[in-house]
Amino acid sequence: MNTVLALAHIVLKELYRRKDFYVLFVLTAVITLLMGSIRFFNDPNIVRDLKEICLLLVWVSALIIAVTTAARQIPAERESRTIFPLLAKPVTRGQVVMGKFLGCWLATGAALVVFYLFFGIMSGAHEDRWPVLNYFQAFWLQWMMLAVVIALVLSGSVVFSAPSANITICFCVVLGILLLGGHLNQVALQQGGLLGTITYTVYFLIPHLEWFDIRKFIVFNWPLVPWLDCFWATLYAIIYAAFFLFATWLLFRRKALTV
Amino acid sequence: MKTSRAILLLLLLLSGAFTLGIFLQPRALKRAGRGQSGSVLSLLLGDSRRLFANHFYVKADVYFHSGLYPSIFDQARDAEEKENHMAAEQHGEHSESEHEADMHALGPPTDWIERFGRHFQVTEHTHLQGANIREILPWLAIAAELDPGRIEIYTVASYWLRRELGKADEAEQFLRRGLSANPDSYEILFELGRLYYENRHDANRARNIWLLALRRWQQKEGTQKEPNWVAYDRITGDLAHLEEVEGHYSEAIKWFKVTKEHSPNPDDVQKQIDDLRAKLAHGSAQQ
């Protein structure tokens, strides 16, 4: 476990050395504050549009950080050949995969904390209400969703030849699931026949990342999602993340390390 | 490079930039004046901005329903064309049962994934109430910016601004903006008349605006195969009520007669005419 944590620590350090997070955070803050400075019909109390835009930027930024950080972990080690001294130590390939995953997940979580702090302060300042538990729930579900995404990208980084291809494909898959994943059953029912069966199978196989998006609950001030449902969703994310990590390990353990 | 030469070069660049600015400014203004909206958005997006305008108009409706809105997939389940609930609410045409049925287009879940997923979706049907209605306004303002020719944006925004938020000045300003982009719109004139009548209590100006609205209706709809009689009835009906309140019973009767011709409830209108005739007769008898 210490080895995994040590590897994760290196990935965490990498995040705060790189400029990605800072650029995305500044962009999010600037766009949100600019939008907040606009008055519609001389009403200073309009806030939901601002919350929606800020949360959208948080989601986009977190996704970019997660995908780009995870995609370059293993290929970078192979390209710079630092994987050899790493594996020469008493470190297994499984620990490398686990350490990279944990590092990316914790790094994304740290970035998310900063984003949600900003969102909470911005929203509270405009709305004068502080639903901390709701924000925590939104943060937690998003973080769990990102665990699945990071595991998916890590497995992609072992399969695809270049990180750019992996990033592009993973973005398409994740956005596709987020936008259409929950509606594939309706598409399948309308199609019918063999195509319908295939679509329905895909619907049952894909991780339903759209479950973890509770932005509407935050924007429209709905009450908390039942904690038991959050627990089941967390378990669902853990199972999918474990599946992708196991697949990554299976692929990585016999993979040639030379580029 | 010598300092003097560098300063000269800097001055040359500065004058070049200034000259270019002077040269481009009138062209930019001319270009901005091409479309109905002179905004940067219209310059950048061209006519495609209308697609985005529709998105933002629907967004306002999503906000009106506090996040509950059927997706295109949910709507596909229901073959019937859906009306815009927010506009219907404004016109008071849509019955509550119809409205409820529209918003429950989500339908029962077909499998466990959909059933469990509903826990993370807004499934309760509510409407924004009171001052919270202001939350729909940014999207309407953006929609109007993107598509200044879409009339219902102005009338819907004005309705909520003056009725729920008490912002008659802002409503008038927005309606006048809509009127300058759509000078032939009888709908905007009708709403402006209501603003003058209900919020400003200026019956004379309201009457003049509604008469203008009626003329615009005749110009626009008079030649149509199927004219918009609902709008016609609304204008003449409001004119009749105005005259009734002002005590001009014979004028009111005249307008009610016009309304009756195309009203879906001619008996109700006739009853109002009869009441007014009775009042008129009573007034003459007293004199």
Side-chain angles (χ1 to χ4, degrees), chain A residues 35-36 38-53 127 137-138 141-142 145 179-190 200 203-233 235-236, chain B residues 56 59-60 62-77 105-107 109-124 126 128 131-142 144-145 157-158 160-162 165-174 177:
Chain A
M35 281 300 294
I38 300 171
R39 286 268 177 279
F40 292 100
F41 301 104
N42 300 323
D43 197 328
N45 297 316
I46 297 173
V47 67
R48 290 187 186 178
D49 63 320
L50 196 62
K51 281 163 72 179
E52 177 160 354
I53 289 163
E127 223 175 10
Q137 209 171 52
L141 286 173
Q142 190 179 352
M145 191 263 327
L179 296 172
L180 300 169
H183 305 291
L184 280 180
N185 58 340
Q186 291 174 39
V187 176
L189 287 174
Q190 279 166 18
Y200 225 131
Y203 170 76
F204 276 105
L205 283 176
I206 56 168
H208 283 272
L209 304 177
E210 75 279 359
W211 288 353
F212 302 86
D213 180 5
I214 56 163
R215 280 177 294 157
K216 276 187 178 173
F217 282 70
I218 303 291
V219 172
F220 299 106
N221 298 333
W222 283 102
L224 287 165
V225 174
W227 287 106
L228 189 66
D229 294 324
C230 286
F231 169 76
W232 289 121
L235 198 65
Y236 180 84
Chain B
F56 288 117
K59 192 99 184 153
V62 174
Y63 270 51
F64 182 63
H65 291 107
S66 299
L68 177 69
Y69 209 77
S71 67
I72 51 165
F73 300 98
D74 296 320
Q75 285 171 26
R77 281 178 175 176
L106 282 175
T110 51
D111 48 69
W112 71 269
I113 290 176
E114 197 179 349
R115 190 176 300 113
F116 184 65
R118 293 267 171 102
H119 293 131
F120 304 94
Q121 284 177 5
V122 176
T123 49
E124 205 177 314
T126 57
L128 287 181
N132 278 337
I133 203 77
R134 62 178 169 233
E135 300 293 350
I136 69 168
L137 297 173
W139 305 115
L140 292 175
I142 295 169
E145 185 68 34
S158 160
W160 293 114
L161 275 167
R162 64 185 185 81
L165 302 170
K167 286 178 173 281
D169 290 342
E170 283 79 2
E172 185 181 351
Q173 210 179 345
F174 196 55
R177 202 177 115 192

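Predicted, not measured: the structure shown is a model, and the values here were computed from it. To find a chain, count down the sequence lines: A is the first, B the second, and so on, and within it residues start at 1.
Within a 6.0 Å radius of CD in B:Gln173, other residues, nucleotides and ligands contribute 12 heavy atoms or fewer.
With a 4.5 Å cut-off on non-hydrogen atoms, A:Asn221 does not touch chain B at all. Interface residue A:Leu141: only side-chain heavy atoms are found under 4.5 Å from chain B. Proximity to chain A involves both the backbone and the side chain of B:Glu124, based on heavy atoms less than 4.5 angstrom apart. Proximity to chain B (any heavy atom under 4.5 Å) is shown, for A:Tyr203, by both the backbone and the side chain.
Between B:Tyr63 and A:Phe220, the distance separating the two ring centers is shorter than 6.0 angstrom. Aromatic ring centroids of A:Trp211 and B:Phe116 lie under 6.0 Å apart.
Scanning all heavy atoms of the two residues, the minimum distance from A:Phe40 to B:Ala141 falls at CD2-CB, 3.6 Å. Of all the heavy atoms in B:Arg134 and A:Ile46, the pair that sits closest is O-CD1, 3.5 Å. Nearest heavy-atom pair across B:Ser66 and A:Arg48 is OG-NH1, 4.4 Å.
Contact check for A:Glu210 versus B:Gln121: no side-chain heavy atoms found under the 4.5 Å cut-off. Looking only at side-chain heavy atoms (C-beta outward), A:Leu189 and B:Thr110 come within less than 4.5 Å of each other. No side-chain heavy atom of B:Leu165 sits less than 4.5 Å from a side-chain heavy atom of A:Phe41. The closest side-chain heavy-atom distance from B:Glu170 to A:Asp43 is not below 4.5 Å.
Although no hydrogens or angles enter the test, the distance criterion places a donor-acceptor pair under 3.5 Å between the side chain of B:Glu135 and the main chain of A:Val47. Between the side chain of A:Lys216 and the backbone N or O of B:Gly67 there is at least one donor-acceptor pair closer than 3.5 Å.
A donor and an acceptor atom, one from each side chain of B:Asp111 and A:Tyr200, are located under 3.5 Å apart.
In terms of non-hydrogen atom pairs under 4.5 Å with chain B, the most contact-rich of A:Asp229, A:Asp213, A:Val225, A:Ile214 is A:Asp229. Contact count versus chain B (heavy atoms, under 4.5 Å) is highest, among A:Asn45, A:Asn42, A:Val219, for A:Asn45.
The distance from the CG atom of B:Leu137 to the CG atom of A:Asp49 is 10.0 Å, given to the nearest 0.5 Å.
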